[in-house]
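Values below: all heavy atoms of this structure, side chains included; hydrogens, waters and symmetry mates excluded.
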Amino acid sequence: VISAHYNLCLSGSSDSPTSASQIAGIIESTGSIIEVLSKIDSEGVSANHTSHATSTATSGFAGAIGQKLPPFSYAYTELEAIMYALGVGASVKDPKDLKFVYEGSSDFSCLPTFGVIIGQKSLMGGGLAEIPGLSINFAKVLHGEQYLELYKPLPRAGKLKCEAVVADVLDKGSGVVIIMDVYSYSEKELICHNQFSLFLVGSGGFGGKRTSDKVKVAVAIPNRPPDAVLTDTTSLNQAALYRLSGDWNPLHIDPNFASLAGFDKPILHGLCTFGFSARRILQQFADNDVSRFKAIKARFAKPVYPGQTLQTEMWKEGNRIHFQTKVQETGDIVISNAYVDLAPTSDTSAKTPSEGGKLQSTLVFEEIGRRLKDVGPEVVKKVNAVFEWHITKGGNIGAKWTIDLKSGSGKVYQGPAKGAADTTIILSDEDFMEVVLGKLDPQKAFFSGRLKARGNIMLSQKLQMILKDYAKL
């Protein structure tokens with residue numbers, strides 16, 4: 001089944017609202033889109049690995065397979081990550097969500113599904129229309145399925161280079177399915193992989209193959225009651241908020257356009273519902289540990305209206321969490337045949353101890369510990385505080401160090417404070433070294449957001465003075 005969810009992909013820039021000409025084109029073809037939805041309900045996208053696929057040599061679509069779009073970059077800061085988190089329902093009402101909406105949190109993280117925002121620029125930029133063999137009317141494109149795989153947690157901020165390729169083209173009779181793979185890199189390291197399944201209404205029947213082993217397959221839910229059910233009432237402003245992450249489609253904001261498209265009012269983005277459900281699964285089965293999130297696959301089935309209540313039903317089978325999402329008020333299934341794959345707890349914890357050894361700051365903390373032995377008692381008398389340092393690398397915490405200047409002769413050790421820390425300081429490994437070398441003023445780093453502190457911040461000034469007095473530290 002590819003019950004596509006009406007999230008019309010536009011060929012306009014993701015940086016600006018849709019133009020009048022694009023709106024007119026979409027309205028003109030809306031009737032045929034709605035008419036075909038019932039017809040494609042029985043057409044599958046998923047691969048069944050049969051060998052009877054028909055050659056596409058006679059079709060222009062065949063030449064599109066393997067074609068690459070121009071590489072592009074996506075730069076973001078904590079602002080975009082927070083905006084996305086708010087758009088998919090993260091809230092300060094839940095203390096555990098603070099790590100997604102407050103950049104000063106010691107464990108601030110991007111929600112894993114922010115990865116779809118990074119990859120979608122390839123579709124919003126109109127590059128598909130420039131590929132030889134693809135004759136696309138973007139007013140007739142539906143988003144059928146979505147797959148996202150993370151190879152490591154997304155950096156809290158950064159610039160990723162993205163490469164998009166047409167992985168395959170399938171003939172579904174009533175339309176064509178384009179399988180688009182987007183790979184995102186930080187320098188040369190692969191961070192995430194998106195697979196967009198796009199349905200082109202009315203372009204099928206050219207004699208092409210119907211299945212592909214390149215498709216990330218949707219999986220049916222287990223035949224038993226769910227292990228967990230969580231609900232979220234979306235805001236009337238949910239689509240208005242989510243669209244700020246880059247999807248400017250007027251279908252989600254303009255009542256007049258929604259009416260012409262056959263809807264009572266603007267509908268919610270399918271990927272917004274997708275983000276709501278993924279956030280709930282991360283919370284329920286991974287305690288919001290983003291390092292455990294490996295992959296998600298979902299099929300879009302029906303639209304959601306802002307203000308409706310999303311009900312995410314979850315089934316745990318090993319490290320795979322099957323799920324489906326319903327509108328509680330109607331019982332309609334809006335996301336089907338979906339799952340999230342989580343990494344085992346042992347896999348993530350095993351990686352943690354070695355991270356600190358890769359950081360330049362490790363040598364500095366070790367040296368401070370050695371030299372503290374000579375002047376420790378005197379420093380302890382003057383400071384009488386415990387400082388915990390969170391050193392980040394690539395936007396994620398790479399190591400934690402504690403400088404205990406409250407007990408005995410003082411000590412330095414890797415790991416969180418064994419008691420309550422008086423002050424916690426968060427900064428990157430690179431900025432830490434800049435401070436150590438005198439190239440970065442700590443006060444300027446604090447006010448620019450590069451250095452963050454919580455607890456008794458005044459004690460950090462006291463520590464700075466002490467370190468100046470004992471320069472050999």
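Note on ring orientation: taking the six-membered ring where Trp is involved, the planes of Phe365 and Trp401 are parallel (angle under 30°, cut-offs 30° and 60°).
Counting only heavy atoms from C-beta outward, the side chains of Thr231 and Thr312 never approach each other to under 4.5 Å. Inter-residue side-chain proximity for Phe274 and Val334 is flagged as unmet; no heavy-atom pair is nearer than 4.5 Å. For the pair His390/Asp107, no side-chain contact is recorded, criterion being any heavy-atom separation below 4.5 Å from C-beta on.
Judged by distance alone, with hydrogens and angles left aside, the side-chain atoms of Arg454 form no donor-acceptor pair with the main-chain N or O of Thr423 at under 3.5 Å. With Thr402 contributing its side chain and Ala417 its backbone, the two residues share a donor-acceptor pair below 3.5 Å. Here the side chain of Lys411 pairs no donor or acceptor atom with the backbone of Leu405 at under 3.5 angstrom. Although no hydrogens or angles enter the test, the distance criterion places a donor-acceptor pair under 3.5 Å between the side chain of Asn249 and the main chain of Leu251. The backbone N or O of Gly318 sits less than 3.5 Å from a side-chain atom of Lys316, completing a donor-acceptor pair. Between the side chain of Asp429 and the backbone N or O of Gln360 there is at least one donor-acceptor pair closer than 3.5 Å.
Each of Lys297, Gln324, Arg299 was evaluated against Asn337; a single residue qualifies, Arg299, per the side chain to side chain contact (heavy atoms under 4.5 Å, CB included) test. A salt bridge (charged side-chain N to carboxylate O under 4.0 Å, His left out) with Asp287 is found for exactly one of Arg292, Lys96, Lys99, namely Lys96. Looking at Cys110, Ser91, Ser105, Ser109 one by one, the single match for side chain to side chain contact (heavy atoms under 4.5 Å, CB included) with Phe100 turns out to be Ser109. A side-chain hydrogen bond (donor to acceptor under 3.5 Å, both in side chains) with Asp181 holds for exactly one of Lys216, Lys214, His193; it is His193.
For Glu103 and Arg156, the salt-bridge test fails: no basic side-chain N is under 4.0 Å from an acidic carboxylate O. Glu367 and Arg370 are joined by a salt bridge, as a carboxylate oxygen and a charged side-chain nitrogen come within less than 4.0 angstrom of each other. Salt-bridge check for Lys152 with Glu189: passed, with a basic side-chain N closer than 4.0 Å to an acidic carboxylate O. A salt bridge does not link Asp404 to Lys418: none of the charged side-chain nitrogens sits closer than 4.0 Å to a carboxylate oxygen. A salt bridge links Lys326 to Glu313: one of the charged nitrogens lies within less than 4.0 Å of a carboxylate oxygen. Salt-bridge formation is detected for the pair Arg450/Asp431: a Lys NZ or Arg NE/NH1/NH2 atom is positioned less than 4.0 Å from an Asp or Glu carboxylate oxygen.
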*asked:* For a side chain to side chain donor-acceptor pair (under 3.5 Å) check, start with the C-alpha distance between Glu149 and Tyr147, then their side-chain angles and the critical distance, and finish with the verdict.
replied: CA-CA 7 Å; Glu149 183 173 1; Tyr147 176 79; 2.9 Å; yes
*Take Leu198 and Leu142, measure what side chain to side chain contact (heavy atoms under 4.5 Å, CB included) needs, and give me the verdict at the end.*
CA-CA 6 Å; Leu198 308 176; Leu142 302 171; over 6 Å; no
_Could you walk me through whether Met314 and Leu230 satisfy the side chain to side chain contact (heavy atoms under 4.5 Å, CB included) test, starting with their C-alpha distance in whole Å, then the side-chain angles of each, then the deciding distance to 0.1 Å, before giving a yes or no?_
CA-CA 8 Å; Met314 297 162 270; Leu230 294 173; 3.8 Å; yes
_Is there a side chain to side chain donor-acceptor pair (under 3.5 Å) between Gln308 and Glu329? Walk through the geometry before answering._
CA-CA 7 Å; Gln308 289 184 317; Glu329 291 83 355; 5.1 Å; no
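At a cut-off of 3.5 Å, with distance as the only test, a side-chain donor of Thr325 or Ser277 sits close to an acceptor on the other residue.
Under a cut-off of 6.0 angstrom, the local environment of NZ in Lys406 is crowded, with over 12 non-hydrogen atoms contributed by other residues, nucleotides or ligands. In Lys452, the NZ atom is crowded: over 12 heavy atoms of neighbouring residues, nucleotides or ligands sit closer than 6.0 Å.
Geometrically, Lys265 engages Tyr305 in a cation-pi contact defined by less than 6.0 Å to the ring centre and at most 45° from the axis.
The CD1 atom of Ile426 sits 7.5 Å away from the CD1 atom of Ile397 when rounded to the nearest 0.5 Å. The distance from atom CG of Asp168 to atom OG of Ser212, rounded to the nearest 0.5 Å, is 3.5 Å. Atom OH of Tyr242 sits about 10.5 Å away from atom CZ of Phe276, to the nearest 0.5 Å.
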